[in-house]
Protein chains: 2
Amino acid sequence: MRVTRKSDYGLRALCTLARQYNGEPVSIGQLSAEHKIPEPFLEKIMQELREHGLVEATHGRGGGYVLSKRPSQISLREIVQALDGPIALVTCLDPNLKCSIETNCPTSSIWEIINQKLDEYLNSLTLSDVINMQQSERVKVSS
Amino acid sequence: MRVTRKSDYGLRALCTLARQYNGEPVSIGQLSAEHKIPEPFLEKIMQELREHGLVEATHGRGGGYVLSKRPSQISLREIVQALDGPIALVTCLDPNLKCSIETNCPTSSIWEIINQKLDEYLNSLTLSDVINMQQSERVKVSS
DNA sequence: CCAAAATCCGAGTAGAATACTCTGACTTTA
DNA sequence: TAAAGTCAGAGTATTCTACTCGGATTTTGG
């Protein structure tokens, strides 16, 4: 799998929840309006994030979603993995498929190494990093 | 774009050319047989590699392809870029598309940074690295 | 010189994946 | 008790991937 729009949309929504990290739930309506994400699509995305334990939902009027951990405890790796499945840069790295094209495959080792590098890097970045980065960007732009 | 089978197949073929780096051209027939890659598909791939200056072709009987540079001078970045286009981990990083979903997009900066990391890493790896890695793997397996 | 062996070139295509939608249920609270 | 919200599963249009096909062109061995 690659990093699709799902992960991007999910990350955007989680950024809002991270800034709003005070117990007040945010609804899909608000999130989709803020980020211009199609509502029913975002609904699916939030559901998957909940199934993977990244957010918690409250039903009914005034309900919505809340982060289930502190922003600094949520890595990009978790988010992407929840929405797009395990990081697999190349098709033949997909754990569902077993690439048995060649015995002594000349490329699998290198793809594995690159993939792991990417995986580790995504694991080292958290939601707080993302929002801090955006804030410093904003300063740069406005100054 | 992501890293597709095209890049993987291309890399496999280039590995053979790298080991055979002595002026003797290798034909598509030989390459596709060795790596079990569908012949007409590999044909396309080799053509693209030639258009991007990574290999040179000789026509006619006894013809085929030769690397146009030393294996240590050919980076994975070049190969992937030639076959799958510029590295764009996330759809919205695709240079063809301009992602203007949000002003002050919260995610573009982080994706850019991750993408650049990946780009740099691919740039640091060469064809010789790939075949050296495979050789050391082979030793590990047989011992 | 000519047939075979190779690449070149452009169009076309089946199947899978992405990026969504739709419908209807259930849950909570003002 | 109705409105505001999530939950759940199926369905779908479009795009992308991973190929194929047909024929032209180039080179060389015999």
Side-chain angles (χ1 to χ4, degrees), chain A residues 1-10 12-13 17 24-33 35-52 54-66 68 80 83-86 88-92 94 96-97 99 101, chain B residues 1-13 17 24-33 35-52 54-66 68 80 83-85 88-92 94 96-97 99 101:
Chain A
M1 305 282 168
R2 88 218 247 214
V3 179
T4 69
R5 273 185 195 280
K6 258 167 82 173
S7 285
D8 182 47
Y9 288 165
R12 287 170 201 237
L17 296 190
E24 279 285 288
V26 185
S27 74
I28 286 181
Q30 291 173 266
L31 291 170
S32 74
H35 299 290
K36 308 218 180 71
I37 302 170
E39 228 179 285
F41 194 28
L42 186 57
E43 204 182 310
K44 281 282 164 238
I45 290 168
M46 296 311 291
Q47 275 174 34
E48 286 186 62
L49 289 175
R50 183 187 52 83
E51 283 161 17
H52 284 85
L54 294 177
V55 296
E56 280 159 20
T58 51
H59 283 225
R61 196 170 249 175
Y65 294 91
V66 185
S68 56
V80 174
L83 296 172
D84 283 323
L89 196 61
V90 187
T91 318
C92 69
D94 198 310
N96 302 340
L97 280 57
C99 154
I101 301 179
Chain B
M1 304 283 166
R2 88 218 246 216
V3 179
T4 70
R5 273 185 195 281
K6 258 167 82 174
S7 286
D8 182 47
Y9 288 165
L11 181 55
R12 286 169 201 237
L17 297 189
E24 279 285 287
V26 185
S27 73
I28 286 179
Q30 291 174 266
L31 291 171
S32 73
H35 298 290
K36 308 218 179 71
I37 302 171
E39 230 179 284
F41 193 29
L42 185 57
E43 203 181 312
K44 281 282 167 240
I45 291 169
M46 296 313 290
Q47 274 173 38
E48 286 186 63
L49 290 175
R50 183 187 52 83
E51 283 161 17
H52 285 84
L54 295 176
V55 297
E56 279 160 20
T58 51
H59 282 226
R61 198 170 246 176
Y65 294 90
V66 185
S68 56
V80 173
L83 295 172
D84 283 322
L89 196 63
V90 188
T91 318
C92 70
D94 197 310
N96 302 339
L97 279 57
C99 154
I101 302 178

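The structure displayed is predicted, hence computed values, not measured ones. Just so we're on the same page: letters track the sequence lines, and every chain starts at 1.
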Quick note, B:S27 side chain, CB onward, closest among D:dT20, C:dT21, C:dT7 is C:dT7
note: B:E51, atom CD; C:dC8, atom C1'; distance rounded to Å ~ 9 Å
Check the distance between C:dC8's P and B:M46's CE and give it to me in whole angstrom.
9 Å
Could you give the CD1-to-P distance, from A:I28 to D:dA8, as a whole number of Å?
12 Å
How about CD on A:E24, more than 12 heavy atoms from neighbouring residues, nucleotides or ligands closer than 6.0 Å, or not?
no
Which nucleotide, C:dC22, C:dA4, C:dC8, lies nearest any side-chain atom of B:Q47?
C:dC8
Tell me the interatomic distance from A:D8, atom CG, to C:dT18, atom P, rounded to whole angstroms.
15 Å
Identify the heavy atoms of A:L42 and A:I28 that sit nearest to each other, and give their distance.
CD2-O, 4.1 Å
Quick one: B:F41 CZ to D:dG22 P, roughly how many Å, whole number?
19 Å
Touch check for B:G64, heavy atoms < 4.0 angstrom, all strands: base, sugar-phosphate only, or nothing?
sugar-phosphate
Within less than 4.0 Å of OP1 or OP2 of D:dA8, is there a side-chain N or O belonging to A:R50?
yes
Qualifying residue for side-chain contact (heavy atoms from CB on, under 4.5 Å) with B:E43, from B:Q47, B:E39, B:M46
B:Q47
Is the shortest side-chain N/O distance from A:T58 to OP1 or OP2 of D:dT6 below 4.0 Å?
no
First of B:G60 and B:Y65 reached from the 5' end of DNA chain C, by closest nucleotide
B:G60
Among the candidates D:dG29, D:dC7, D:dT20, find the nucleotide nearest to the side-chain atoms of A:H59.
D:dC7
Would you mind telling me which of D:dG29, C:dT7, C:dC20 lies closest to the side-chain atoms of A:Y9?
C:dC20
For A:L42 and C:dT18, give me the distance from atom CG to atom C1', rounded to whole Å.
17 Å
Select one nucleotide: of C:dC20, C:dA30, D:dT6, the one nearest the side-chain heavy atoms of A:R5.
C:dC20
Figure out the NZ/C1' separation between A:K6 and C:dA17, and round it to whole Å.
11 Å
So, OP1 or OP2 of D:dA18: does either fall under 4.0 Å of a side-chain N or O from B:T4?
yes
Hey, are the side chains of A:K6 and A:D84 touching, using non-hydrogen atoms and a 4.5 Å cut-off?
yes
Identify which nucleotide among D:dA8, D:dT20, C:dT21 has an atom closest to any side-chain atom of A:P38, counting heavy atoms from C-beta outward.
C:dT21
May I have the distance from B:I37 (atom CD1) to D:dC19 (atom P), rounded to whole angstrom?
9 Å
B:I45 backbone acceptor or donor facing B:E48 side chain under 3.5 Å
no
Closest-nucleotide ordering on DNA chain D, the 5'-leading residue of A:G62 and A:K44:
A:G62
